[in-house]
Amino acid sequence: MRDGGATAPSNGAPRGVAIAAACSFALGCVGLLGWWIRSTALISIADGLPSMVPNTAVALVLAGVSLWALGIQGRPAPLRRLGQACAAGVIAFGLAALAQYAFAWDCGLDRLLFPSRVEFPSKFPGRPPPNTALCCILIGAALLSLPARTRRACRLSDGGVLSAAALALTALTGYVFGVGYFYGLPPLFPFTGMALHVAIAFLALCAGLLMARPDCGAFTVLAASGPGGTLLRRSLPFVVLVPLAMGRLFLIGADLGAYPLAASFSLASALTTLLLGALLWVSAARLDLLDEARRRAEEARAFLATLAHSSDDAVIGTDLDGTIQTWNPAAERLYGYSAGEAIGRTVLALYPPERAAEAEENLARLRLGEHLDHFETVGRTKDGRTIDVEITVSSIADDAGRIAGFSAICRDIARRKAMEAEVASAHAAERHIRSQLEAIGAACAAVSEALAGVPRTDARPLLEIIALHARRMSGADYAAIGIGQDAGRPFDAWVPSGVAAEQAAQIGGDPRPIGLLGAVARGDRPIRVDDLLAHPDFVGLPPHHHPLQAFLGVPLRFHDRLVGTLYLGKRPGRPPFTEDDERVVVLLAQRTCSALETARLCRTEATERKRLQAVVEQMPEAAILVDAEGRLITCNRIALEYASYRAGEADLWGNAVNFDLRYPSGEPMAWADRPLIRALSRGETVTGAEAQICRAADGASVPVLVNAAPVRSDDGELQGAVAVFQDITALKEMERQRQEWTGVIAHDLRQPIQVIATASQILRLQLGERLAADGEKQLGRISASVDWLRRMIDDLLDASRIEARQLTLDRRPVDLRAQLREILERSAGATAGHAVRLELEDGVPAVWADPGRLEQIVTNLLSNAAKYGEPGRDIVIAVRAEAAGARVAVTNWGRGIAESALAHLFKRFSRAAEGGVGLGLYITKGLVEAHGGSISVESSPGATTTFRFTIPFARALAAGT
């Protein structure tokens with residue numbers, strides 16, 4: 001058993017034991033060889049010195065064999081028994097010698113070896129000296145006690161070994177200083193003593209015995225990594241060798257006569273004291289350094305302990321046997337054991353019983369120096385639950401680099417395992433979805449191929465392919481696809497799949513979208529039913545229909561518009577449709593409904609083309625359509641009346657059909673100014689351009705309004721242009737008459753109004769202060785009526801100009817925020833009794849408008865809102881920026897406008913929402929449209945009425961010019 005303060009076994013101790021055993025064995029063999037060959041150098045080293053007797057040589061050989069067999073752990077049992085027998089032999093040699101001395105016996109044991117070859121000139125021929133015999137007994141006893149690992153055995157063994165070492169060292173000192181009393185006993189036994197090489201062999205055996213117990217006893221202090229062990233290892237050679245060396249040197253000096261013998265001892269004592277004091281001083285300084293290093297190590301250890309204590313991962317420290325030594329709070333949370341419960345247990349308690357072998361194997365690997373990094377295993381908590389953990393184990397080494405224990409970091413990976421399982425499931429789902437998408441892609445490719453070959457009037461082949469692929473991908477027994485949702489009549493098209501032609505004929509005509517079929521057609525989500533008969537919308541199956549149980553219906557929608565309905569069914573006893581089946585069918589529906597829409601558009605386009613051709617042909621205006629190169633595509637019969645055919649002449653586009661287009665003044669119109677050219681070459685939209693065109697039949701010039709616009713594809717590519725010529729001969733005549741009538745009105749009405757206004761002013765001046773209060777009131781009424789009549793005349797003139805398209809505008813960039821605030825200040829009287837709020841978005845650009853006409857528009861709408869709004873309620877003017885213009889909304893709260901009156905609100909002389917002659921909103925609409933904007937109204941009876949109009953931005957018009 002290991003002492004608590006001992007260090008781990010040193011890796012060099014077994015080697016030292018082997019060297020000591022070899023030294024003893026070799027010196028014993030040398031002695032025996034010397035007796036064999038009668039060599040004094042091998043027996044006594046030198047003449048006059050004690051000899052190594054044969055029994056002593058045998059004892060050294062036996063001691064060396066015993067130390068080799070018992071001093072190194074892991075020897076097999078036969079070798080250990082041999083070692084114990086040899087140790088017993090060493091003790092027997094020593095006891096026999098001492099017994100003969102004590103009892104004055106001569107048993108003849110000392111002359112058993114070499115009796116005839118060697119002379120024994122002594123009182124006890126061949127007998128070992130008493131100090132040698134005593135050393136044999138002490139060393140033999142220590143060898144026998146090596147297998148015992150108790151503290152008592154260690155103490156007894158160390159005591160015997162150190163005693164034997166003292167005897168041998170004393171003998172060695174005697175040889176160094178030439179003092180026979182140290183290696184012999186001259187008063188008692190002047191004829192014998194411990195031989196020099198015997199003393200050396202005994203010292204080697206003592207050192208080997210101490211190293212054989214590296215984990216307990218005296219060697220533990222020497223091998224310790226602490227300050228004491230360091231100091232002992234550094235000081236011991238000096239303490240042992242320096243006094244011997246110095247004493248011998250001073251003794252040699254005295255023998256040579258350099259100084260008296262007493263002086264040599266004094267010098268040796270002084271210098272030894274000085275050297276040992278210096279050694280002590282250096283050792284003390286070294287101890288201070290080691291203590292400082294120890295303090296820093298303890299601080300670092302405390303810091304690491306704090307980190308481990310606050311770590312979210314379980315940190316567990318164990319010794320080499322796997323016994324838990326440290327346990328942080330995270331480990332307590334993970335495994336459920338408190339620190340008191342865990343410390344002292346082995347790590348096997350943290351594993352399920354079935355994984356005990358795995359834990360043992362891991363400990364064995366760790367003891368061999370391996371490292372476990374991110375090792376995933378299964379742990380067991382205090383309450384018996386198993387948990388998935390990830391463990392990283394590192395070795396803990398002492399200062400000598402030897403493995404003293406292990407540190408394990410354990411992390412609960414249950415959540416990560418769950419995530420990995422989810423990821424694996426997601427990958428499996430991804431592979432499944434990918435296969436489904438590939439199937440859907442193949443189905444879409446088949447649908448596209450079929451769409452290319454489908455006649456524009458028949459979509460049934462396309463429907464058959466969709467139904468077939470839907471049935472295969474969902475595992476359905478039957479499928480059908482229908483187009484239409486009018487419950488009063490059958491589906492416009494009904495295509496079954498999986499039904500024999502004979503059975504379809506027996507079922508009869510196409511079904512109507514009623515019951516569950518109608519619910520799918522009218523809804524926007526799929527309907528999946530495990531038992532068709534149990535669904536409340538199910539109304540039964542027609543005669544001869546195959547039995548169904550599981551049902552799946554999916555509406556086919558394209559841009560939120562129903563284009564068809566897909567139905568799937570399974571026979572009774574088949575597994576129902578799953579969410580995966582529903583998802584894949586919905587994906588197929590989403591990918592193929594565009595093909596159905598394309599087929600529908602093809603049929604619609606063919607019908608609309610014919611209809612458009614008929615409409616264009618019957619138009620009362622001339623219509624011309626050219627392609628992107630300017631080549632004439634078509635023109636209606638009215639246009640042909642204006643066309644001229646001149647042999648060898650063609651226009652700049654190469655068309656043989658010519659149109660003689662002139663300015664309103666009658667001059668020929670330049671080619672670049674023609675509306676059709678502007679629409680085709682510059683992409684302009686020309687509206688209401690006035691011109692003259694010569695009729696080919698009689699050469700007469702006909703006044704026309706020309707509208708031209710570019711024809712573009714959906715992606716904006718120019719594909720051609722269209723122009724329409726409208727004969728305005730009658731409009732010109734009406735305009736002339738209206739101008740005459742307007743002039744008459746302006747002359748005949750303004751003159752009497754001016755007379756009335758002038759007379760009322762003269763009357764006010766003449767009467768002056770004599771004017772009574774009632775007279776002042778009547779004159780005020782006359783002035784108000786005159787202003788009202790003037791406004792009516794101005795409205796009539798504006799209406800006439802709008803009708804004649806002679807309304808002039810002085811447009812410029814206008815800041816809406818500043819302009820609207822000025823208008824609100826000037827119209828304060830018209831909105832009396834209402835609070836007007838202006839809500840204007842930040843960053844609204846300037847608009848391109850006539851400031852006066854803009855004020856007329858806003859004032860008309862404010863007056864209308866104040867007149868018909870609920871008294872006391874706010875009027876809100878909200879302005880926000882749109883794509884190319886500002887949108888202004890005027891909102892009031894009141895009784896509102898009836899829905900039937902909204903359609904006539906902006907017509908002339910309409911008085912649904914205003915008094916007077918009903919021209920205010922008509923003029924407002926004309927002014928807005930003259931600016932290039934639009935106006936609309938929304939009204940909720942009893943709630944709000946909102947007029948909205950738009951005015952283009954100045955930058956938008958600048959970009960278009």
Side-chain angles (χ1 to χ4, degrees), residues 773-774 776-795 798-799 816-841 851-880 886-928 935-951:
D774 184 64
E776 180 65 32
K777 180 179 181 180
Q778 298 302 326
L779 287 177
R781 289 179 177 176
I782 293 172
S783 297
S785 299
V786 168
D787 292 339
W788 182 62
L789 285 172
R790 282 175 176 169
R791 287 196 300 272
M792 290 179 61
I793 293 171
D794 290 341
D795 287 347
D798 284 342
L816 265 182
R817 184 184 295 273
Q819 184 68 19
L820 289 176
R821 286 178 177 171
E822 291 181 6
I823 294 173
L824 291 181
E825 291 178 0
R826 288 194 288 268
S827 61
T831 58
H834 299 272
V836 182
R837 289 188 289 114
L838 179 61
E839 298 177 355
L840 186 69
E841 276 187 352
R853 294 300 188 180
L854 180 60
E855 181 174 358
Q856 186 177 353
I857 294 169
V858 176
T859 302
N860 281 348
L861 295 178
L862 285 175
S863 300
N864 189 73
K867 183 176 181 179
Y868 296 101
E870 182 178 338
R873 296 297 297 272
D874 292 353
I875 298 174
V876 179
I877 302 179
V879 182
R880 64 183 179 89
R887 178 175 288 275
V888 183
V890 180
T891 303
N892 68 279
W893 282 260
R895 65 177 182 271
I897 303 173
E899 185 177 358
S900 59
L902 291 177
H904 309 283
L905 197 60
F906 294 105
K907 293 183 179 180
R908 287 185 303 168
F909 310 116
S910 173
R911 301 178 64 180
E914 54 180 319
V917 296
L919 289 176
L921 292 179
Y922 172 75
I923 294 172
T924 300
K925 180 176 182 292
L927 292 176
V928 171
I935 189 169
S936 62
V937 61
E938 295 178 1
S939 182
S940 300
T944 60
T945 300
T946 301
F947 286 87
R948 293 186 178 87
F949 68 91
T950 59
I951 297 293

Nearest 0.5 Å please: distance from the [atom1] atom of [X] over to the [atom2] atom of [Y].
X	Y	atom1	atom2	value
Ile877	Leu861	CD1	CG	8.5 Å
Ile951	Gln819	CD1	CD	11.0 Å
Tyr922	Leu927	OH	CG	10.5 Å
Leu820	Leu838	CG	CG	5.5 Å

- Query: Can you name the residues that form a side-chain hydrogen bond (donor to acceptor under 3.5 Å, both in side chains) with Arg948, not counting sequence neighbours?
  - Reply: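 Scan of Arg948 (side-chain hydrogen bond (donor to acceptor under 3.5 Å, both in side chains), adjacent residues dropped) gives Glu938.
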- Quick one: list whatever passes side-chain hydrogen bond (donor to acceptor under 3.5 Å, both in side chains) with Ser939, sequence neighbours left out.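 Applying side-chain hydrogen bond (donor to acceptor under 3.5 Å, both in side chains) to Ser939 gives Thr945.
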Please list, chain by chain and in numerical order, all residues satisfying side-chain contact (heavy atoms from CB on, under 4.5 Å) with [X], sequence neighbours excluded.
X	result
Pro941	none
Ser863	Ala830, Thr859
Leu840	Arg817, Val844, Val879

Quick one: side chains of residues 869-876, donor-acceptor pairs under 3.5 Å with protein atoms, not counting sequence neighbours, listed by atom name and distance.
residue	atom	partner	partner atom	Å
Asp874	OD2	Arg837	NE	3.2

- Item | Any side-chain heavy-atom pair of Ile897 and Leu905 under 4.5 Å |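 The answer is yes; the side chains approach within 4.5 Å.
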- Message: Any heavy-atom pair between the side chains of His834 and Asn892 that's under 4.5 Å?
- Response: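 Asn892 does not reach His834 side chain to side chain.
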- Item | Pairs where residues 823-832 contributes a residue and the test side-chain hydrogen bond (donor to acceptor under 3.5 Å, both in side chains) is met, not counting sequence neighbours |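 Every pair satisfying side-chain hydrogen bond (donor to acceptor under 3.5 Å, both in side chains) with a residue in residues 823-832: Arg826-Glu855.
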- Audit row: Phe947, Asn860, side chain to side chain contact (heavy atoms under 4.5 Å, CB included) steps and yes/no: CA-CA 11 Å; Phe947 286 87; Asn860 281 348; over 6 Å; no
- Take Thr924 and Ile935 through the side chain to side chain contact (heavy atoms under 4.5 Å, CB included) test and state the conclusion after the steps. CA-CA 9 Å; Thr924 300; Ile935 189 169; 3.8 Å; yes
